[in-house]
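Note on naming: letters A, B, ... go to the chains in the order of the sequence lines (proteins, then strands), and numbering restarts at 1 for each one. Note that these values count all heavy atoms, side chains included, but never hydrogens, waters or copies made by symmetry.
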Amino acid sequence: MTTTAPAREAAAPPPPARPSVGRRIGARLLLWWRRLTAMRTAIVLLFLLALAAVPGSLLPQRSLSQANVRGYFADHPDLAPVLDRLYLFDVFSSPWFAAVYLLLFISLIGCVLPRAVEHVRALRSAPPPAPRNLLRLPDSGAVPTALPADAALDVVEEELRVRRYRVVRRDGAHGPEVSAEKGYLKETGNLLFHLSLIALLLGLAGGKLWGYEGSILVTEGDGFCNSFQQYDTYSAGPLIDSGDLSPVCVDLEGFQAEYEPDLTASSFTADIRYGGPGEEGRTATIGVNSPLRSEGDRLYLTGHGFSPTFSVTLPDGEQFTDVTVPFLPSDPTTMASEGALKLPDVGGGSDQQLALEGFFAPTGLVQGGVLTSIDPRPLDPKVAVVAYQGYLGLDSGLPQSVYSLDASQIERGRLTEAGAANLSLGDSMTLEDGTVITFDGFKEFAALQYSHDPGQIWVLVSAISLLTGLLGLLLLRRERVFARPGPAPDGGGTVLTLASLTRGSSESAPRFAALTDDLRAALAARTASQPEVSPRDS
Amino acid sequence: MTPDQSLLDLSDTFFSISVALYSVALVAFCAQLAFGRRPAARQLVTAGGGAAPDAPADTAEDLAAPRRAQRWGAVAMALTAIGALTHAGVLVCRAFALDRLPWGNMYEFGTAVVLVAVVAYLVLAVRSPALRHIGVFVLAPVVLGMVGIGLFLYVEGGPLVAALRSAWLAIHVTAAIIGFGIFLVSGIASVLYLVRSKDEQKPAEERGTGFVSRLPESSVLDRLAHRTAVFGFPIWTFAVIAGAIWAESAWGRFWGWDPKETWSFIAWVVYAAYLHARTTAGWRGRPAAWVNVVGLIIMVFNLTFVNLVSSGLHSYAGVE
Ligand code: HEM
């Protein structure tokens, strides 16, 4: 359908001799354009789009989990850099993925805009004249009637108008005729659907360009302000800079987790206080499925965990109290968590630093010296800690995870184990040099995410109009009906030739039969009510 | 709340009964095919072999056979309908026992999808009797699917995790189940279309005489596939949109190319390609039908592989 060339092509005169270079390039471009905007190309591009998305789901993606990508690099040191050069860990922001969808959308625009223009024209003009030979159409038939031609067409016109057709009567080259059409909304739906796809893409792009997102772990009693420096991780669109971030600070006042009897988590909620810097702020409770939304920004509770609290007393009597660090849950069903505590400032020099690596169990069970967690609720918290002393390597220039120690420092012997113990609440352990470490308690932390996506509302509106258009496109039918009277072969009355053209339904025959029957009945009724009409009129 | 164990047991019993009923219905559908009208091709061959084409015995048998086939067909439809009722019972009992919607894990989701497919088939077959002949090909995958679901996806009924406690579970997952179930029927119709149209391309005397000849005409199957896909596509579109709206409040972004999202998108694009292919010269007929089959394969892949193997946010699967 879209492969048929627009009318202006026919206007090009045949080339007199050798066409100029410019014209040849123009012709070549026109040809490409026409190929690109053909339906066949659209199908191929749709397939390419589907295919291009596949590696994005089979390989780890940076946008989903940096850690998984790092793991993949570790497991496949030879393959991973090659894949990386092909953007296979960033499929959905890769140039080739963009190329496919941009081509598809150019094709879409090239295909839909001319159709939209044509549709607007069709909406304002009358249904087209009837084809010459109506009986050639797949749904067609003849209905004899005693009425004269004009009266018969009157009946057809009335009946079609009742059925909400747009009807015109013409005196065409082949005599008087009726053309009728209905279902214009189907094409409107088609255009709405395809144009909404474009709007949706623009909304997505806008959100990516002007949006940002930051994540942070906040322990009860602490808070953060909306700035890139404070977030543990963040991502921001290229058109946003740190000055554009809304000035909001958030404090986590409390966190609650609730569980069903079988220990399925039933709800997590965080009580927060938020407002401009230095303001008193307002309180709110956020939870799973219920973020805080204010002025285009959203704050989510995306996870939670425990931060054990320790105090450290050095042999010289110096005390560090209330040392708290989040441990990351390694098993969400029991909330067994792992983490590390690094105290670079404890000892005298850089080779006397202290570090703890630990395992936290909200409800701990020690069996054979091994601590496991048996319940996600903090009923009997315990930690298993291994203390190290030596050089942490924090200033080596290489980034370190805050949740674990640098294993290479331990391997190289620069950090050596100085003691290990399973501690219950209030227990202490004493290292060889006399340092005392006490497990004082725990706090809960919440993983919070602050997001800003100005395109989101546009995407939603586009999606709704897309669905509306789709329903119109798929559920409505576009039908044209033609009727032309002719003299009956035996000289008495008229034979009406009827035909219809349907788009959007595979079962047009039964409906045409029903329409024919209705018309026949209406004609008969009119004949009965007008017995005085003489056959001569035809 | 604590689940009502006796209701949960009843649900499991219903599951077994449904599988049994469907299996018996499958046998009845086979019998219907077996006793179905002899194909014209066979008679031609007989005529060529010299035997009298309408020997009295033959005629009597030919008349008796369709009637017997019809009886088997009616039995099969009735069994399928009763099976659908007990099948619905599986979900209803779970719902009451757990006081929640019965689609919180893959076992429940899969069971519901198959139920939608069976009900969609029943509705279609009641409306156009020609489709009763394809009962075998609907019920065979249904029985296989149910056995697979029962064996590999079964989980004890339990409460929902916090993330699933949202009105969007009802909206998004219900739409996904209905869309999937309808695509299932559509895909089966396209597979049968491919088989049947291949046979129709052959010269009359080489055509298959077995089950192929008893399938509805390829144009009927093609139309069935298209009509169901047209019905399923907006529902699937809605499911994806509703999922995005839910993800926005649950995960902090409306779209993040999580594996499940990605494969839902891929399926959506493939079904859009199928609808285009149906109206594009050069793609109509068999190529388009293949696209529809690929769509169904992706849907099944998305339910099984992506849930069980990929680690995404959608890991509600909860298969122990
Ligand atoms: C993002 C990609 C696209 C999607 C998801 C999409 C989806 C659809 C759907 C679902 C239909 C309804 C088919 C039916 O009537 O059964 C349709 C129809 C149509 N599409 Fe697209 N489309 C896309 C791109 C395109 C492109 C690039 C073109 C132009 C080359 C195009 C041209 C058409 C036309 C002309 C129809 C009307 C078919 C008819 O009236 O029978 N579409 N599209």
Q) For chain B, which of Ala265(A), Ala53(A), Ser266(A), Ser451(A) has the most heavy-atom pairs under 4.5 Å? A)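 If we count pairs closer than 4.5 Å to chain B, Ser266(A) comes out on top.
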Q.
If you define the side chain from C-beta out and look only at heavy atoms, does anything of Arg165(B) sit under 4.5 Å from Ser267(A)?
A.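 Of all side-chain heavy-atom pairs linking Ser267(A) with Arg165(B), none is under 4.5 Å.
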Q. Would you call Pro259(B) and Leu64(A) a side-chain contact if the rule is heavy atoms closer than 4.5 Å?
A.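 Yes, close enough: below the 4.5 Å cut-off.
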Under a 4.5 Å heavy-atom cutoff, which of [options] has the most pairs with chain A?
options	result
Pro234(B), Ala277(B), Ser219(B)	Pro234(B)
Ala273(B), Ala247(B), Gly282(B)	Ala273(B)
Ile241(B), Val270(B), Val294(B), Ile245(B)	Ile241(B)

Less than 4.5 Å to any heavy atom of chain B: does that hold for the side chain of [X], its backbone, both, or neither?
X	result
Val91(A)	neither
Leu204(A)	side chain
Gln449(A)	side chain
Leu299(A)	neither
Glu258(A)	neither

[atom1]-[atom2] distance between [X] and [Y], expressed to the nearest 0.5 angstrom:
X	Y	atom1	atom2	value
Ile266(B)	Ser57(A)	CD1	OG	5.5 Å
Leu473(A)	Phe233(B)	CG	CZ	9.0 Å
Trp236(B)	Leu470(A)	CH2	CG	14.5 Å

Q | Test log, rule side chain to side chain contact (heavy atoms under 4.5 Å, CB included), inputs Arg253(B) and Arg298(A) | A | CA-CA 10 Å; Arg253(B) 82 287 182 296; Arg298(A) 291 161 286 128; 5.9 Å; no
Q.
Parallel, tilted or perpendicular: which one describes the rings of Phe92(A) and Trp257(B), with boundaries at 30° and 60°?
A.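 Phe92(A) and Trp257(B): parallel rings.
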Q: Take Val459(A) and Trp255(B) through the test side chain to side chain contact (heavy atoms under 4.5 Å, CB included) and record every step on the way to the result.
A: CA-CA 11 Å; Val459(A) 172; Trp255(B) 196 268; over 6 Å; no
Q: Please name the pair of heavy atoms, one in Ser249(B) and one in Pro291(A), separated by the smallest distance, quoted to 0.1 Å.
A: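 Heavy atoms only, the tightest pair is O-CD, 3.7 Å.
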Q) Does the side chain of Asn289(A) pick up a donor-acceptor pair with the side chain of Trp168(B) at under 3.5 Å? A)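 There is no such pair between these side chains.
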Q | Over 12 non-hydrogen atoms of neighbours within 6.0 angstrom of CZ in Phe47(A) | A |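 Check passes, neighbour count above 12.
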